[in-house]
Amino acid sequence: MAVELKAAELMVLEAAWKYDLGTATDQDMAMAKLKATEMLAMVADEAIQIHGGMGLMEDLPLERIWRDARVERIWEGTSEIQRHIISRSMLRPLGA
Ligand SMILES: Cc1cc2nc3c(=O)[nH]c(=O)nc-3n(C[C@H](O)[C@H](O)[C@H](O)COP(=O)(O)OP(=O)(O)OC[C@H]3O[C@@H](n4cnc5c(N)ncnc54)[C@H](O)[C@@H]3O)c2cc1C
């Protein structure tokens, strides 16, 4: 979980850095959004699993985080649409 969190953070920072330089591409942004939101879903789910049934109780903030995390793979471009953007960026230069 820590490794995935760090990987997502680095991808977001790289995309932001490129944006500031004016060199960011659609692929950079789509990869950062896809990685960060898929990571969030995995980490929120694993956190509940670690806590067992307690993870679903309102005593802990985990189930709320898990529910809130779900929308991140839908709005501002779903994960499937981010994958479309990434594959298009990779394949178009090859004439596909
Ligand atoms: C809480 C919330 C707040 C929102 N706020 C805003 C807002 O402020 N402003 C705004 O403009 N919108 C907002 N939205 C809308 C949001 O942007 C859309 O829900 C999102 O773009 C997905 O569109 P859709 O719901 O019509 O799903 P659909 O487009 O019907 O997609 C359904 C599923 O099919 C998949 N899919 C669709 N097309 C393809 C394809 N070509 N290839 C593969 N898979 C595909 C999608 O990835 C998704 O999994 C909000 C949504 C939610 C849930």
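Remember, it's 1-based here, ligands and their atoms both numbered in the order they're listed. Residue numbers count from 1 along this sequence. Being a predicted model, the structure only gives us computed values, none of them experimental.
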Asker: Taking all atoms of both residues into account, what is the closest heavy-atom pair of Met54 and Leu60, and its distance?
Answerer: O-CD1, 3.5 Å

Asker: Distance check, rounded to the nearest 0.5 Å: Arg88 atom CZ versus Asp26 atom CG?
Answerer: 6.0 Å

Asker: Taking atom 29 (O) of ligand 1 as the reference point, report whether a protein heavy atom occurs under 4.0 Å from it.
Answerer: no

Asker: What is the distance from atom CZ of Arg92 to atom CD of Gln27, rounded to the nearest 0.5 Å?
Answerer: 12.5 Å

Asker: Any N or O on Trp75 sitting closer than 3.5 Å to an N or O of ligand 1?
Answerer: no

Asker: Could you check which of Arg70, His84, Glu72 puts a non-hydrogen atom nearest to atom 42 (N) of ligand 1?
Answerer: His84

Asker: Output yes when Arg83 and Glu38 qualify as a salt bridge under the 4.0 Å nitrogen-oxygen rule, no when they do not.
Answerer: yes

Asker: Does atom 32 (C) of ligand 1 have a protein heavy-atom neighbour under 4.0 Å away?
Answerer: no

Asker: Considering only protein heavy atoms, determine whether one is less than 4.0 Å from atom 44 (N) of ligand 1.
Answerer: yes

Asker: Any idea which atoms of ligand 1 are less than 4.0 Å away from a heavy-atom of Glu80?
Answerer: 43 (C), 44 (N), 46 (C), 47 (O), 49 (O)

Asker: Give the atoms of ligand 1, by number and element, whose distance to some non-hydrogen atom of Thr78 is under 4.0 Å.
Answerer: 22 (C), 46 (C), 47 (O)

Asker: If you measure from atom 39 (C) of ligand 1 to every heavy atom of Asp68, Ile81, Ile74, which option wins on shortest distance?
Answerer: Ile81

Asker: For atom 47 (O) of ligand 1, decide whether some protein heavy-atom distance is shorter than 4.0 Å.
Answerer: yes

Asker: Side chains of Ile50 and Met1, heavy atoms from C-beta outward: is any pair under 4.5 Å?
Answerer: yes

Asker: Consider side-chain contact (heavy atoms from CB on, under 4.5 Å). Of Glu9, Lys6, Glu72, Glu4, which one does Met39 pass it with?
Answerer: Glu4

Asker: Are any of the protein's heavy atoms under 4.0 angstrom from atom 20 (C) of ligand 1, yes or no?
Answerer: yes

Asker: So, the side chain of Lys35 versus the backbone of Ala7: is there a donor-acceptor pair under 3.5 Å, distance only?
Answerer: no

Asker: Take atom 7 (C) of ligand 1 and look for protein heavy atoms under 4.0 Å from it; say yes if you find one, no if not.
Answerer: no

Asker: Within the distance-only criterion (no hydrogens, no angle test), does the side chain of Asp45 pair as donor or acceptor with the backbone N or O of Met42 below 3.5 angstrom?
Answerer: no

Asker: May I ask you to list the atoms of ligand 1 that are less than 4.0 angstrom from any heavy atom of Val71?
Answerer: 1 (C), 53 (C)

Asker: Return yes when at least one protein heavy atom is under 4.0 Å from atom 15 (C) of ligand 1, and no when none is.
Answerer: no

Asker: Would a 4.0 Å cut-off, counted as strictly less than, catch a protein heavy atom around atom 10 (C) of ligand 1?
Answerer: no

Asker: Strictly by salt bridge (Lys or Arg N to Asp or Glu O under 4.0 Å), give each pair with a member in residues 61-71 just once, sequence neighbours left out.
Answerer: Glu63-Arg67, Arg64-Asp68

